[in-house]
Amino acid sequence: MRHAVVVSDNWIRLIPTDASWEPAQSSVDLAVAYVVSLFSRPGDSADEVSAVLHNDVALIDSGVNTSSFKCTICSSVTDVSWVFEVVGERSSDLSDLDVVLPCCGVTSSLNELAYDWAMGFARFEIGVLNGTRARYELDESELRQVGELLGHPVRQILAHY
């Protein structure tokens with residue numbers, strides 16, 4: 001009997017804090033080169049570092065990492081499947097991220113919910129596939145540097161698929 005080999009991937013996904021913001025190509029080139037350098041030291045590596053400009057605002061999820069979110073208004077915890085339902089209902093139009101929350105009925109942005117593992121919405125992202133180094137994720141100073149190179153603050157999503 002043969003057993004299937006399960007291959008999984010880890011991504012570091014860097015997105016602007018404003019979901020609809022997009023950088024100039026020259027800024028993208030500088031930021032990608034900087035991120036590549038973070039995974040180019042001896043013993044460090046990444047399968048891929050890439051930049052993607054989505055046609056519209058897209059859900060930048062964390063794969064199997066996220067299971068719930070905490071309402072920033074009433075502190076109730078809700079299963080993340082509710083967010084996926086809302087995204088599915090809106091199809092490809094995520095230009096308006098405001099929703100009426102199921103817990104308290106207050107309007108808030110999907111991009112501002114307190115997910116148990118960060119996820120967000122963006123038109124642009126830099127992705128690092130299977131990056132390995134002493135510290136897996138980017139630290140605050142590295143995130144700040146990426147933001148300065150792009151011209152807009154970024155946050156990171158750690159995804160596992």
Side-chain angles (χ1 to χ4, degrees), residues 5-70 72 80-81 83-99 108-161:
V5 176
V6 177
V7 178
S8 60
D9 290 315
N10 292 302
W11 283 89
I12 299 171
R13 303 173 82 182
L14 308 173
I15 64 172
T17 55
D18 177 344
S20 60
W21 184 84
E22 62 180 270
Q25 187 59 50
S26 58
S27 299
V28 171
D29 295 341
L30 291 172
V32 168
Y34 172 70
V35 173
V36 166
S37 77
L38 297 176
F39 292 88
S40 298
R41 297 178 185 118
D44 298 345
S45 67
D47 290 350
E48 172 186 322
V49 177
S50 58
V52 176
L53 179 61
H54 301 281
N55 290 333
D56 297 299
V57 173
L59 170 63
I60 311 299
D61 66 47
S62 62
V64 298
N65 288 339
T66 304
S67 62
S68 65
F69 67 89
K70 185 177 187 178
T72 54
V80 75
S81 62
V83 173
F84 293 122
E85 288 173 22
V86 169
V87 168
E89 289 169 3
R90 293 185 179 187
S91 187
S92 62
D93 184 13
L94 295 174
S95 57
D96 180 6
L97 296 173
D98 286 345
V99 294
S108 183
S109 171
L110 290 170
N111 215 21
E112 301 302 321
L113 299 176
Y115 299 99
D116 60 344
W117 275 78
M119 59 185 224
F121 296 81
R123 284 207 60 220
F124 172 78
E125 68 177 295
I126 295 175
V128 179
L129 174 60
N130 296 324
T132 59
R133 60 187 197 145
R135 179 180 168 94
Y136 171 65
E137 70 271 8
L138 277 63
D139 65 28
E140 288 302 317
S141 66
E142 293 165 335
L143 289 172
R144 190 170 32 260
Q145 181 65 30
V146 171
E148 288 174 9
L149 291 168
L150 288 173
H152 190 86
V154 297
R155 57 187 176 139
Q156 76 185 322
I157 311 299
L158 302 178
H160 180 75
Y161 302 99

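The first residue in the sequence is number 1, and the count goes up from there.
In this structure, the side-chain contact (heavy atoms from CB on, under 4.5 Å) partners of A24, at least two apart in sequence or on a different chain, are S26, S27. For W117, there are no ring-ring contact (aromatic ring centres under 6.0 Å, His included) partners, not counting sequence neighbours. In this view, E48 and S50 satisfy the side chain to side chain donor-acceptor pair (under 3.5 Å) rule, not counting sequence neighbours. Every residue two or more places apart in sequence or in another chain that forms a side-chain contact (heavy atoms from CB on, under 4.5 Å) with T72 is listed here: S108, A114. Here Y136 pairs with N10, I12, L158 under the side-chain contact (heavy atoms from CB on, under 4.5 Å) rule; sequence neighbours left out. With sequence neighbours excluded, no residue forms a side chain to side chain donor-acceptor pair (under 3.5 Å) with D44.
Comment: R135 engages E137 in a salt bridge, judged by a side-chain N to carboxylate O separation of less than 4.0 angstrom.
No hydrogens or angles considered: nothing links the side chains of H152 and E22 as a donor-acceptor pair under 3.5 Å. Y161 and D61 share a side-chain donor-acceptor pair at under 3.5 Å. A donor atom on one side chain and an acceptor atom on the other are found under 3.5 Å apart for D18 and S20. For the residue pair D139 / S141, a side-chain donor-acceptor distance below 3.5 Å is found, with atom types taken as modelled.
Contact record, A51 with V32: CB-CG2, 3.9 Å, taken as the closest heavy-atom pair.
Of the candidates L138, I15, L143, I15 is the only one forming a side chain to side chain contact (heavy atoms under 4.5 Å, CB included) with R155.
Other residues, nucleotides and ligands contribute over 12 non-hydrogen atoms within 6.0 Å of the CG atom of D98. Sparse packing is recorded around CD of E140, with 12 or fewer heavy atoms of other residues, nucleotides or ligands lying under 6.0 Å away.
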Determine, step by step, whether S68 and V80 satisfy the side-chain contact (heavy atoms from CB on, under 4.5 Å) criterion, reporting the C-alpha distance in whole Å, the side-chain angles of both residues, the deciding distance to 0.1 Å, and the verdict.
-> CA-CA 4 Å; S68 65; V80 75; 5.5 Å; no
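Side chain of D93 to backbone of S95: a donor-acceptor contact under 3.5 angstrom is found.
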